[in-house]
Amino acid sequence: MRVVVICGHGDNHVEPVEIEPNVYEIAPTGEMRVPARVYGSESLVEAMRTADDQTLAQIQDVATLPGIQQFAVVLPDGHRGYGFPVGSVAAVDADDGVISPGGVGFDINCGVRLLRTGLTFQDVAGRESMLADRLFQTIPTGLGPGSSLDTDISDVRGVLETGVEWLLNEGHARKADLEHCEENGRLPGDPNAVPTEALKRGVDQVGSLGSGNHFLEVQRVSEVYDSAAAAAFGIDLDEIVVMIHAGSRGLGHQTCSHYIDEFERAYPDLAESLPNEQLVYAPLSDRLAGEYRSAMNAAANFAWANRQVMTQAVREVFSDLFEEADVQLVYDVGHNIATEEHHAVGDDEQTLLVHRKGATRALPAGHPDVPDAYADIGQPVFVPGDMGSRSYVLAGGSRSLERSFGSAPHGAGRAKSRTQASREYAAGELQQALRARGIFVRAQSGETLTEESPGAYKNVDEVVHVCHELGLGTKVAQTTPLANIKG
DNA sequence: ATGTCC
């Protein structure tokens with residue numbers, strides 16, 4: 001490995017050293033308290049080093065955070081984000097550490113869920129275009145208001161407090177939906193910690209897809225790598241599944257912005273001392289950290305509920321079109337959240353606050369937080385590719401705890417900026433090209449299509465290969481797109 | 001990601 005000089009925020013001269021295949025480490029320099037650990041193939045890590053991507057400088061800055069443990073992690077899909085890279089993990093001591101909104105992301109608890117339908121490709125063949133139309137008509141997409149559930153402020157407060165449980169009580173979820181959702185779709189959220197303006201934005205957005213890289217995709221299981229695991233997840237070759245990628249909409253975004261402002265006001269000297277002001281944080285012992293956590297958890301509940309309400313819409317559409325459809329939740333897992341967890345650090349077990357930003361929790365078989373049905377397999381992990389490519393179903397790997405605090409990649413990872421992608425691609429051509437391959441795409445905006453063009457993403461096969469080889473998540477199945485709706 | 005600039 002040759003020596004590479006990164007010109008980051010502090011002119012850090014770093015040498016990412018390959019310590020084993022697909023594992024790179026940057027030794028602590030300057031204010032770094034721990035090393036930075038980068039997982040990726042040579043070409044993926046090389047992409048992180050290009051002049052316009054500050055991923056490696058960012059993760060070194062993250063490694064300076066008070067209370068950070070072991071190493072700051074970049075996953076194979078990592079790329080530049082607000083303060084922290086998208087595709088990073090930072091675990092801090094639950095007592096002496098800090099919480100940083102930049103380590104969670106603006107779209108709080110954005111995540112992915114997978115539904116199985118009980119249908120095979122033969123059942124839907126020839127009706128993909130109609131399916132795309134019906135889903136697009138039924139589920140609100142794009143920026144701004146649009147809800148598939150009639151709610152008022154007090155309903156949203158209920159959602160913020162108890163998440164999917166609130167929907168179950170209101171008849172918008174099945175008990176099995178709770179059991180197959182990370183944290184049972186509920187973290188200890190406090191609606192009173194969510195700013196009123198955010199709450200108002202949430203009223204019209206329960207059960208809405210959003211924009212950008214969010215999507216709802218009908219897929220066909222095109223390959224099974226591990227038939228025992230696939231059977232446990234209830235999916236089979238040629239089965240039709242639905243993947244939903246969405247978050248907490250304007251509510252989460254507004255909540256994040258609000259607390260970044262609050263943190264900046266409360267700690268005016270902090271920004272000056274930080275390598276990057278976007279890393280603004282609050283010590284976990286401070287009242288403000290507790291408030292942010294309560295708000296973040298509430299927004300997380302909103303995100304789970306949002307994906308649940310869209311699931312209900314999918315159930316309606318499928319039962320309308322296919323008598324024999326039985327839409328069930330395989331699993332739902334977020335990738336923008338900080339949760340308190342117990343981890344082995346050296347010889348000790350320690351309580352840590354694990355920031356995952358664009359990183360999926362990937363708990364191995366036997367872990368107590370894996371649903372009973374999957375206890376022997378590991379937690380389901382979903383890695384969507386770009387619009388035109390396959391997606392993967394994985395199971396939390398045996399080495400994820402030691403390597404990444406129990407985390408895996410969350411997608412292909414952006415390779416080109418939105419603006420760059422918009423310049424290079426045309427919406428009409430893209431839609432036609434996909435259609436020629438049997439993929440029916442519906443989107444509110446042509447701009448979204450070009451920004452999300454397959455060419456704007458890294459190769460998902462390569463990301464998943466690294467993930468599998470490292471034991472972060474092991475391959476269970478591959479899916480290919482049939483119909484995709486976007487914002 | 002986001003009523004993409006209160």
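Letters go in sequence order (proteins before strands), and every chain restarts at 1. As the structure is a prediction and not an experimental result, all values here were calculated from the model.
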Nearest whole Å is fine: how far is [N] [atom2] from [X] [atom1]?
X	N	atom1	atom2	answer
A:K200	B:dC6	NZ	C1'	14 Å
A:D107	B:dT4	CG	P	15 Å
A:F106	B:dT2	CZ	C1'	9 Å
A:Q444	B:dT4	CD	P	16 Å
A:H253	B:dT4	NE2	P	9 Å
A:H245	B:dT2	NE2	P	9 Å
A:F302	B:dT2	CZ	P	11 Å
A:E447	B:dT2	CD	P	15 Å

Regarding [X] and [Y], does a basic nitrogen lie under 4.0 Å from an acidic carboxylate oxygen?
X	Y	value
A:E183	A:R361	yes
A:E197	A:K200	no
A:R293	A:D190	no

- Does A:R418 have a side-chain nitrogen or oxygen under 4.0 Å from the phosphate oxygens OP1 or OP2 of B:dT4?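 A:R418 to B:dT4 OP1/OP2: no side-chain N or O under 4.0 Å.
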- Item | Pairs involving residues 252-279 of chain A, ordered by first then second residue, that meet salt bridge (Lys or Arg N to Asp or Glu O under 4.0 Å) (sequence neighbours left out) |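 For residues 252-279 of chain A: A:E262-A:R265.
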- Query: Is it the case that A:R249 and A:S208 place a side-chain donor and acceptor less than 3.5 Å from each other?
  - Reply: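 Present: a donor and an acceptor within the cut-off.
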- Indicate whether any N or O donor in one side chain lies under 3.5 Å from an N or O acceptor in the other, for A:S445 and A:E447. no
Hey, does [X] reach any base, or is it just sugar-phosphate, or nothing, if we go heavy atoms under 4.0 Å?
X	value
A:E197	nothing
A:S257	nothing
A:G247	nothing

- Which of residues 136-158 of chain A sit near DNA chain B, with a heavy atom under 4.0 Å from it?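 Within this stretch, A:L143, A:G144 sit under 4.0 Å of the strand.
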- Message: Minimum heavy-atom separation for A:G78 and A:K458, please, with both atom names.
- Response: O-NZ, 3.2 Å
